[in-house]
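Okay, structure first, notes after.
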Amino acid sequence: MAALCARAEHCRADILDKLARRGLPAAEARAAADRLEREGFIDENRYARAFALDKLRYSRWGRMKIRAALTARHLSETDIGEALAAIGSEEYEQAFAASARAKLRSLDNEEPRARREKLARFLLGRGFEAGLVMSRLDTLTDG
């Protein structure tokens, strides 16, 4: 597990899941995860930051979806908050705009109202905040 953690960031929940799938009893899996944390192979704050930035940059997820994914991995609210705070506003705006542009290309043949509704649903599904989506919808869809 140390070699796995040395290659890529993993959270405690990921490691416990992998060890359970390999048939390790829960008590031994927790002891192994504790040791990996003590030795610095698992750092949930570092994991949360890397996860948030990767999902923003490569998957173009919004803060809401990133928060939900990190919460599902049982990370602390402190680690989640710090990870989301590490996302720069300019980079976030760029990810939002890129997601919107990509979706709009697939909606070229839609009537204006349907295009607007589909774009809003898509961006909300990507985890962008409702206020952000609604405030930019007119600009993105030209009315």
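This one's a predicted model, so the numbers in the text were calculated from it and none came from an experiment.
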Measuring only between side-chain heavy atoms, which start at C-beta, is Glu93 closer than 4.5 Å to Leu132?
yes
Are any non-hydrogen side-chain atoms of Arg63 and Tyr92 less than 4.5 angstrom apart?
yes
Would you say Arg22 has more than 12 foreign heavy atoms packed within less than 6.0 Å of its CZ?
no
Got Arg35 and Arg30 here, is their nearest side-chain heavy-atom distance under 4.5 Å?
no
Shortest non-hydrogen pair, Ala32 vs Leu19, comes out as CB-CD1, 3.9 Å
Checking Glu37 against Asp43 for the side-chain contact (heavy atoms from CB on, under 4.5 Å) test, could you report, in this order, the C-alpha distance in whole Å, the side-chain angles of both residues, the deciding distance, and whether it holds?
CA-CA 6 Å; Glu37 280 182 309; Asp43 182 329; over 6 Å; no
Is any side-chain heavy atom of Leu53 less than 4.5 Å from a side-chain heavy atom of Tyr58?
no
Residues Arg73 and Tyr47: side-chain donor-acceptor under 3.5 angstrom:
yes
Counting only N and O atoms by type, is there a donor-acceptor contact under 3.5 Å from the side chain of Glu44 to the main-chain atoms of Arg12?
yes
I need the full list of salt bridge (Lys or Arg N to Asp or Glu O under 4.0 Å) pairs touching residues 96-106, with sequence neighbours left out, sorted by first then second residue.
none
When rounded to the nearest 0.5 angstrom, what distance separates CD in Glu82 from CD1 in Ile87?
13.0 Å
So CG of Asn45 and SG of Cys11: to nearest 0.5 Å the spacing works out to 12.5 Å
Derivation of the side-chain contact (heavy atoms from CB on, under 4.5 Å) call for Leu123 and Leu140:
CA-CA 12 Å; Leu123 293 170; Leu140 292 168; 4.2 Å; yes
Does the side chain of Glu129 reach to within under 4.5 Å of the side chain of Leu124, using non-hydrogen atoms?
no
First locate atom NE2 of His74, then atom CG of Asp79, and finally report the distance between them rounded to the nearest 0.5 Å.
14.0 Å
So among Ile42, Leu36, Asp34, which one has a side chain to side chain contact (heavy atoms under 4.5 Å, CB included) with Arg38?
Asp34
Can you check whether Phe122 reaches Leu107 side chain to side chain, under 4.5 Å on heavy atoms?
no
Please name the pair of heavy atoms, one in Leu56 and one in Ala95, separated by the smallest distance, quoted to 0.1 Å.
CD1-CB, 3.5 Å
Salt bridge between Glu111 and Arg115, side-chain N to carboxylate O under 4.0 Å?
no
Which value, rounded to the nearest 0.5 Å, describes the distance between Leu137 atom CG and Glu117 atom CD?
9.5 Å
Does Glu39 have more than 12 heavy atoms from other residues, nucleotides or ligands lying within 6.0 Å of its CD?
yes
Out of curiosity, Asp17 CG to His10 NE2, how far, rounded to the nearest 0.5 Å?
11.5 Å
Look at the side chain of Arg46 and the backbone N and O of Gly40, then say whether any donor-acceptor pair between them is shorter than 3.5 Å.
yes
Between CG on residue Leu119 and CZ on residue Arg116, distance to nearest 0.5 Å
9.0 Å
According to a 4.5 Å side-chain heavy-atom criterion applied to Ile, Leu, Val, Met, Phe, Trp and Tyr, with indirect links allowed, do Leu75 and Leu16 form part of one hydrophobic cluster?
no
pair Cys5-Ile15: side-chain heavy atoms closer than 4.5 Å:
yes
Within the structure provided, determine whether Arg7 and Leu4 are in side-chain contact (heavy-atom separation under 4.5 Å).
yes
For Asn109, does the CG atom sit with more than 12 other heavy atoms under 6.0 Å from it, leaving out its own atoms?
no
Hits for side-chain contact (heavy atoms from CB on, under 4.5 Å) against Lys55, two or more places apart or cross-chain, chain-then-number order -> Phe51, Ser59, Trp61, Ile66
Check the surroundings of atom CE in Met64: do more than 12 heavy atoms from other residues, nucleotides or ligands lie under 6.0 Å from it?
no
